[in-house]
Amino acid sequence: MNYYKFTPIMKTLIWGTESWQISGVSGNETMSQDGQSLNQLVGKGRERLVGKANYQRFGDEFPLLVKFIDAKRSLSIQVHPSDEVARRHGKERGKTEMWYVMDSAPEATLYSGLKKQITPEQYKEMIVDGTICEALAQYHVKEGDCFYIPSGRIHSIGPGTFLAEIQQTSDVTYRIYDFKRKDKDGNERQLHTQEALESINFTVQKDYRTHYIPQQNISQPLVDCPYFNTSVYDLTEPMIIDYSELDSFVILIGLKGEGTLFVDGEEVAFCAGDSILIPACVKEVRSEGTIKFLETYVLS
């Protein structure tokens, strides 16, 4: 096939909902329209599906996880480990991710990074007395805002925020602070204070937002990192996207509007909420309609 669509995995959590659009995480693999799991497809398609370098690097495990996150309450203050730290704790890899904010509430906010310098000792004290948020950079967000969240960066998504998340295939999260909330059994959720301390990058930056000038009918780069490359397209006219020299699969994530894709000539409807996996062997995609979407792939 020239493309694959998957049945999302819906998760209801203490703070809201997640829709796992495309996932190769063990125990949480999305199923394609022909009844195969994502990693089964990789095992069969190999280089033709994910690209030669990606297959050499990742084998039969798909390297990206794509989610939609709808936060009704604040997520925990958390951090993800690097690959090195994760392996020290018996995990296969860490997690680097990015967020693209979609149609969110006017009051939507999130935390990303430290706004002031703190020491590891101060960090532990602020966890105990519940003041860790005072050290974090908080942002009011709107549709189109983008944040890159490398491993080691403290972060949290606030209520009213709806966003697309692209990340490494990993579900490793170290919870720093959870606002003393209790689960359905009346227990506070587990914190990972020491594991988080090993993971946190205490470097302070002036701004953690990804800045770009929105434009229509071009490829607008957002994130270029070792784990994924992501651009946004806001199309009001037909466009041909040439993938003939790209040694990677491509995922297109519908954000707004609707249209039609011609994937090496094969027609598929494409609209907001869709996520489509395009194999590495595909040479070009033609888009028609008024449609806004993210494009992401992995260059090894």
Rounded to the nearest 0.5 Å, what's the gap from [atom1] on [X] to [atom2] on [Y]? Could you check?
X	Y	atom1	atom2	result
T131	E125	OG1	CD	9.0 Å
S287	M239	OG	CE	8.5 Å
E29	W20	CD	CH2	11.0 Å
R57	L299	CZ	CG	9.5 Å
I77	R175	CD1	CZ	12.0 Å
L110	L75	CG	CG	10.5 Å

Inset, instruction - Check whether any side-chain N or O of Q216 sits under 3.5 Å from a backbone N or O of L235 as a donor-acceptor pair, and report yes or no. - result: no

Legend entry - Side-chain donor/acceptor of R87 to backbone N/O of E92, under 3.5 Å: yes

Are [X] and [Y] linked by a side-chain donor-acceptor pair shorter than 3.5 Å?
X	Y	value
N54	S300	yes
K115	Q138	no
T296	N229	no
Q168	S170	no
S37	N39	no

[X] to [Y] - nearest heavy-atom pair and separation:
X	Y	result
I149	S112	CD1-OG, 3.5 Å
K72	P159	O-CB, 3.4 Å
P120	L197	CB-CD1, 3.6 Å
P81	V172	CG-CG1, 3.6 Å
K52	D247	N-OD1, 2.8 Å
Q21	D274	NE2-C, 4.3 Å

Inset, instruction - Evaluate side chain to side chain contact (heavy atoms under 4.5 Å, CB included) for I176 paired with T193, printing each intermediate quantity in order. - result: CA-CA 6 Å; I176 294 171; T193 305; over 6 Å; no

Determine whether [X] and [Y] fall in the same hydrophobic cluster, where Ile, Leu, Val, Met, Phe, Trp and Tyr are linked whenever their side-chain heavy atoms lie under 4.5 Å apart.
X	Y	result
L13	I9	no
V141	L294	no
I166	V250	no
L64	F68	yes
V204	I154	yes

So, using side chain to side chain donor-acceptor pair (under 3.5 Å) as the criterion, who are the partners of [X] when residues are at least two apart?
X	answer
D178	R181, R189
E61	R93
Y100	K292

Inset, instruction - Enumerate the residue pairs fulfilling ring-ring contact (aromatic ring centres under 6.0 Å, His included) with a member in residues 202-244, sequence neighbours excluded, ordered by first and then second residue. - result: Y233-F293

Inset, instruction - Would you list the pairs meeting ring-ring contact (aromatic ring centres under 6.0 Å, His included) in which at least one residue belongs to residues 120-156, sequence neighbours left out? - result: H80-H155, W99-H155, Y139-F147

Inset, instruction - Carefully, step by step, assess Y55 and D60 under the rule side-chain hydrogen bond (donor to acceptor under 3.5 Å, both in side chains). - result: CA-CA 7 Å; Y55 193 73; D60 290 347; 2.6 Å; yes

Taking atom [atom1] of [X] as the centre, report whether more than 12 heavy atoms of other residues, nucleotides or ligands fall under 6.0 Å from it.
X	atom1	answer
E107	CD	yes
N28	CG	yes
K11	NZ	yes
E84	CD	no

Taking the side chain as every heavy atom from C-beta outward, state whether [X] and [Y] have any pair of such atoms under 4.5 Å apart.
X	Y	answer
F6	L38	yes
L246	Y297	yes
T161	I69	no
F270	V263	no
N187	K182	no
T230	M98	yes
V268	T260	no
T236	I291	no

Got a salt bridge between [X] and [Y], using NZ or NE/NH1/NH2 to carboxylate O under 4.0 Å?
X	Y	result
K116	E134	no
K67	E165	yes
R286	E288	yes

Inset, instruction - Quick one: list whatever passes salt bridge (charged side-chain N to carboxylate O under 4.0 Å, His left out) with K142, sequence neighbours left out. - result: D145

Inset, instruction - Give the ring-plane orientation class for Y177 versus F179, where under 30° counts as parallel, over 60° as perpendicular and anything between as tilted. - result: perpendicular

Legend entry - side chain to side chain contact (heavy atoms under 4.5 Å, CB included) assessment of L261 paired with L252: CA-CA 10 Å; L261 302 179; L252 301 181; 3.8 Å; yes

Inset, instruction - Show the numbers, then the answer: is there a side chain to side chain contact (heavy atoms under 4.5 Å, CB included) between D234 and L255? - result: CA-CA 9 Å; D234 186 2; L255 302 172; over 6 Å; no

Inset, instruction - Would you mind telling me which of T30, I22, L41, V25 makes a side-chain contact (heavy atoms from CB on, under 4.5 Å) with F62? - result: I22

Inset, instruction - Using the side-chain contact (heavy atoms from CB on, under 4.5 Å) rule, pick out the option among L49, L277, I278, V282 that qualifies with F249. - result: L277

Inset, instruction - Check the pair E97, K95 against side chain to side chain contact (heavy atoms under 4.5 Å, CB included), reporting the backbone distance first and the verdict last. - result: CA-CA 6 Å; E97 62 191 25; K95 188 196 294 189; 3.3 Å; yes

Inset, instruction - In sequence, state the C-alpha distance, the side-chain angles, and the governing distance for H192 and Q78, and then conclude on side-chain hydrogen bond (donor to acceptor under 3.5 Å, both in side chains). - result: CA-CA 9 Å; H192 310 95; Q78 58 190 240; over 6 Å; no

